[in-house]
Number of protein chains: 2
Amino acid sequence: MNPDNAVRTSFKQQMLQAREEAIIQTANRLLAEKGFEAMTVDEVALQAGIAKASLYKHFASKEELAAAATARVMRRARDFIRALPEQAPPLDKLRAVLRWTLEVKLAGDMPSLPSRNSTLRTALIGNQDCMEGWMEVSDRLRAWIEAAQAAGALNPALPAVAVLYTFFARACDPALEFLRIGGRYQDEQIVTLVLSTCFEGLNAR
Amino acid sequence: MNPDNAVRTSFKQQMLQAREEAIIQTANRLLAEKGFEAMTVDEVALQAGIAKASLYKHFASKEELAAAATARVMRRARDFIRALPEQAPPLDKLRAVLRWTLEVKLAGDMPSLPSRNSTLRTALIGNQDCMEGWMEVSDRLRAWIEAAQAAGALNPALPAVAVLYTFFARACDPALEFLRIGGRYQDEQIVTLVLSTCFEGLNAR
DNA sequence: GTCTATATCCCGATAGAC
DNA sequence: GTCTATCGGGATATAGAC
């Protein structure tokens with residue numbers, strides 16, 4: 001096997017992977033924009049500059065495509081979490097993760113998936129990348145939550161899992177869109193507001 | 001015109017209105033269960049025990065049907081708000097409204113409408129009942145929010161509109177479903193947890 | 001107004017040539 | 001693997017009899 005062959009193969013594979021990444025990015029944006037049900041495979045293919053039949057060579061179904069997009073954002077979250085300084089206070093890290101989440105959502109990059117659709121749930125659970133990312137993210141956040149509670153920074157009366165779910169729920173909080181549509185606040189202010197209401201609550205202190 | 005005629009007409013109209021209410025209730029439940037896109041008119045008609053063509057005599061489109069369901073829940077919210085004792089502390093009333101909202105959601109009676117679908121948005125804005133209910137609810141809540149802030153009960157640093165949107169957002173908070181699926185908490189505990197995280201925040205006090 | 005039956009369209013998925 | 005062209009199913013909406 002001559003080297004040219006190897007080079008050409010590698011190049012081809014790189015092109016393929018790049019195209020696949022482009023498809024996933026497009027799907028990701030459309031999922032964020034209109035949700036799983038309203039997103040059509042035609043639109044993804046069109047905006048990705050590829051024929052629909054070609055897309056189906058990469059992903060066996062619309063559900064698998066959405067799962068790939070979900071796995072991607074899970075990987076991004078995992079990487080962000082891993083990159084946080086180990087010795088920082090847990091509460092700071094949790095705030096940083098929530099800030100990151102809100103910024104991704106405001107950037108239009110947070111896929112919004114219905115928790116009700118059963119076929120999609122199956123695809124998400126069946127996707128190993130997706131599940132692994134989710135589990136690592138959950139485990140690390142839960143550990144930080146419990147550490148923050150032990151340190152007296154987070155309310156220890158709340159079950160850790162409830163805090164965790166509260167974080168996840170903020171990833172699809174429509175309050176951000178409401179505030180943006182209102183037009184009175186910049187994205188940075190919106191993030192600060194939601195961070196504040198989430199951690200400090202609505203009550204006066 | 002003899003009285004019998006009037007009675008019969010009134011009776012017929014009552015029957016019609018009752019049937020229409022049944023249709024809206026069914027749509028409301030399905031909207032809560034699976035959302036606007038996944039809900040089908042066939043299913044609404046089937047579960048309401050009516051032919052689809054008959055349903056379309058009452059509502060010109062799927063969007064108008066969803067708008068009617070939305071108007072209904074808006075009316076219910078308005079009635080609940082009106083019935084609260086005028087002299088109660090604003091914060092108590094706000095907590096009562098949020099509690100009512102969460103209980104309605106847990107009961108499967110809170111229609112979940114995508115904020116992105118443009119045709120649905122048009123129908124909602126075009127529905128006078130829907131808009132009137134929304135405006136009255138918003139106005140009353142905003143007044144209570146500002147009063148609570150003036151009384152030092154709610155954080156005065158938060159814009160009242162941000163607090164308002166936070167309330168509305170809780171009406172479609174997936175954290176409730178997550179907690180229920182987890183199976184470790186009863187509905188009453190879930191309501192208490194979300195109320196606490198919303199008003200007192202996640203931080204220790 | 002209610003029904004059965006149907007029109008019409010759109011979408012997910014595939015066939016088959018290249 | 002990519003394309004054009006198409007299938008098959010299901011959804012919204014309507015026709016027309018009663």
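Chain letters run A, B, ... following the sequence lines, proteins first and then strands; every chain starts at 1.
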Out of dA13(D), dA13(C), dA15(C), whichever nucleotide has its closest atom nearest the side chain of A53(A) = dA15(C)
In whole angstrom, what separates D42(B)'s CG from dC3(C)'s P?
-> 14 Å
Do T26(B) and Q47(B) have side-chain N/O donor and acceptor atoms under 3.5 Å apart?
-> no
Give the nucleotide from the list dA13(D), dT2(D), dC3(C) with an atom nearest to the side chain of I50(A).
-> dT2(D)
Would you indicate what M15(A) reaches in the nucleic acid, counting non-hydrogen atoms under 4.0 angstrom: base, sugar-phosphate, or nothing?
-> nothing
With a 4.5 Å limit on heavy-atom distance, are the side chains of Q14(B) and S10(B) in contact?
-> yes
Looking only at dA13(D), dG1(C), dT12(D), the nucleotide nearest the L16(B) side chain is dG1(C)
In whole Å, what is the span from the CD atom of E37(A) to the P atom of dC10(C)?
-> 19 Å
In whole angstroms, how far is the P atom of dG16(D) from the OH atom of Y56(B)?
-> 18 Å
pair N127(A)-T70(A): side-chain heavy atoms closer than 4.5 Å | no
Check whether any side-chain nitrogen or oxygen of S54(A) sits under 4.0 Å from OP1 or OP2 of dG1(D), and answer yes or no.
-> no
Separation of dT4(D) atom C1' from L55(A) atom CG, nearest Å, is 16 Å
Using atom NZ of K52(A) as one end and atom C1' of dT4(D) as the other, report the distance to the nearest whole Å.
-> 12 Å
Tell me which of V41(A) and K57(A) sits closer to the 5' end of DNA chain C, going by the nucleotide each one is nearest to.
-> V41(A)
Separation of dG10(D) P from L46(B) CG (nearest whole Å) = 15 Å
dT12(D) C1' sits how many Å from H58(B) NE2, rounded?
-> 18 Å
Would one find a side-chain N or O of R19(B) under 4.0 angstrom from OP1 or OP2 of dT2(C)?
-> yes
Of the candidates dT4(C), dT12(D), dA13(C), the side chain of A51(B) sits closest to dT4(C)
Whole-Å distance separating the CD atom of E63(B) from the P atom of dT12(D) = 9 Å
Aromatic rings F167(A) and F199(A): how do their planes relate, parallel, tilted or perpendicular, breaks at 30° and 60°?
-> tilted
Do you see a donor-acceptor pair shorter than 3.5 Å between the side chains of S54(B) and R19(B)?
-> no
